[in-house]
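Quick notes on the structure that follows.
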Amino acid sequence: MSYRVTLIPGDGIGPEVTAAARLVADATGVAIDWDVVDAGERAIQAHGTPLPEGVLDSIRTNRIALKGPITTPIGSGFRSVNVALRQQLDLYASVRPARAIAGEGTRYPETDLVVVREATEGLYSGVEHWVDRDHTAAETVNIITRKASDRVIRFAFELARHEHRSHVTAVHKANIMKTTGALFQTAFQEMAPKYPDIKADERLIDNMCMQLVKKPEEYSVIVTTNLFGDILSDLCAGLAGGLGVAPGALYGENIAVFEPVHGSAPKYAGQDKADPVAEILCVERLLRYLGEAEAADRVFHAVWETMAEKKVVTYDLALPGYTQRPVPASSCSAMAKEIARKVPLVDPRAPLVRPKDAAHAYDPHLEG
Ligand code: NAD
């Protein structure tokens with residue numbers, strides 16, 4: 001039997017990192033029949049629209065997709081394809097795990113948390129306008145509904161149970177946003193008692209940012225609204241080693257789209273330089289979603305061992321910084337080949353060991 005999965009290569013570094021991810025997926029031996037469709041800049045050239053109906057049809061039919069990043073012009077031009085995709089397929093929960101891998105590229109090698117972000121409404125609803133003709137004032141409407149809040153908060157508690165995590169933190173700004181913030185807060189406070197086995201607490205967004213850079217190991221699952229979740233998931237990606245290694249997934253009812261946290265990084269497009277790990281870890285999540293747990297474990301172990309060995313890693317993992325052993329940088333395709341080579345060789349049940357010379361916990365006193 002083979003799984004049919006929609007594949008959107010995307011823009012910028014997207015085609016390179018999705019090719020890398022595909023190579024690693026193939027190395028697992030799980031039969032995947034990729035249904036390749038174009039969205040973004042390539043689709044504009046071929047179809048006159050960045051999100052052709054065929055892309056949505058393919059995902060609706062297959063119920064599962066692997067996606068590369070898609071460029072969104074700032075301030076003008078077409079609306080974000082990423083936002084439109086989430087809204088049209090009702091992909092309401094954006095899940096972004098932030099786990100430090102092999103202690104590499106991070107000041108916080110113990111980081112292991114998941115940001116669950118509401119992805120269909122809030123300040124990304126697309127309801128905005130100029131207030132006056134001279135464009136000296138503008139408004140963006142922050143739409144928060146009880147229905148969308150309830151389902152994303154329930155999703156976060158269910159994820160916590162499924163992943164054996166015992167702590168969920170809601171993040172909001174209910175002290176200032178007395179309607180939208182309070183609505184999300186109330187939804188959380190009324191959902192939490194249904195999960196008595198899980199510790200539930202709340203933080204204001206500003207305080208959460210400070211807490212995360214001081215002691216990320218005290219948090220496990222964070223659930224929040226769209227804009228706060230967008231910002232926090234980049235922050236958490238930074239805690240765990242950077243955008244190059246941060247995977248993500250979008251879930252709706254019986255539908256899932258896997259995509260990295262990072263964007264299309266246009267300055268690296270076509271240079272075979274980008275880190276493929278984030279997109280490869282999307283394949284790991286995708287395989288887990290399909291029920292292919294051993295294949296998923298193999299991918300994770302192969303990524304871990306490649307990063308721990310530090311022989312074939314891309315520029316962002318080779319830089320001197322929070323690691324004690326800077327090395328020459330390899331290309332995106334070379335790192336993908338190395339991970340794919342390891343996939344059938346690793347022991348997926350072996351403990352994941354952090355090398356002795358990996359980054360150590362950040363100590364500001366050591367930084368002069
Ligand atoms: P970006 O994530 O594309 O890049 C920011 C910087 O992070 C890069 O310049 C690079 O230094 C680094 N980086 C990102 N991915 C990397 C990788 N795989 N390997 C190594 N380094 C990497 O963010 P941006 O520059 O703000 O956005 C570029 C475009 O991507 C924009 O049009 C934006 O709208 C879009 N975007 C799309 C998505 C998505 O498709 N889900 C997400 C974020 C941004």
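Order of appearance sets the numbers: ligands from 1, and atoms from 1 within every ligand. Reckoned from all heavy atoms, side chains included, excluding hydrogens, waters and symmetry mates. On a predicted model such as this, the values are computed, not experimentally measured, just so you know.
A donor-acceptor pair shorter than 3.5 Å cannot be found between the side chains of Arg86 and Tyr124.
Near Ile70, meaning under 4.0 Å from one of its heavy atoms, ligand 1 places the atoms 35 (C), 36 (N), 37 (C), 39 (C), 40 (O). Of all atoms in ligand 1, listed by their number and element, those nearer than 4.0 Å to a heavy atom of Val261 are 42 (C), 43 (C). Listed by atom number, the atoms of ligand 1 under 4.0 Å from Thr71 heavy atoms are 32 (O). Proximity to Tyr268 (heavy-atom distance under 4.0 Å) selects the following atoms of ligand 1: 10 (C), 11 (O).
Between Lys67 and ligand 1 there is a heavy-atom distance shorter than 4.0 Å.
Remark: among candidates Leu85, Thr72, Asn82, Leu317, the nearest residue to atom 38 (C) of ligand 1 is Asn82, based on non-hydrogen atoms. For atom 18 (N) of ligand 1, the nearest non-hydrogen atom from the set Asp275, Val17, Leu243, Thr314 belongs to Asp275.
Within the 4.5 Å cutoff, no side-chain heavy atoms of Ile153 are placed close to those of Val168.
With rounding to the nearest 0.5 Å, the separation of OH in Tyr289 from CZ in Arg63 is 8.0 Å.
Heavy-atom contacts from other residues, nucleotides or ligands closer than 6.0 Å to NE2 of His135 number more than 12.
In terms of polar-atom proximity, Tyr315 is counted as a contact of ligand 1, with an N or O under 3.5 Å from an N or O of the ligand. Polar contact check, Ile13 against ligand 1: no nitrogen or oxygen pair lies under 3.5 Å apart.
The stretch residues 167-177 participates, sequence neighbours left out, in these side-chain hydrogen bond (donor to acceptor under 3.5 Å, both in side chains) pairs: His167-Thr169, His167-Asp201, Thr169-Asp201, His172-Glu202, Lys173-Asp206.
Salt bridge annotation for Glu292-Arg298: absent, with no cationic side-chain nitrogen under 4.0 angstrom from a carboxylate oxygen. In this structure, Lys147 does not pair ionically with Glu121, as no charged nitrogen and carboxylate oxygen lie closer than 4.0 Å. Salt-bridge formation is detected for the pair Glu163/Arg285: a Lys NZ or Arg NE/NH1/NH2 atom is positioned less than 4.0 Å from an Asp or Glu carboxylate oxygen.
Contact annotation for Glu259 and ligand 1: only side-chain heavy atoms (C-beta onward) come within less than 4.0 Å of the ligand. Under 4.0 angstrom from ligand 1, the non-hydrogen atoms of Lys267 all belong to its side chain.
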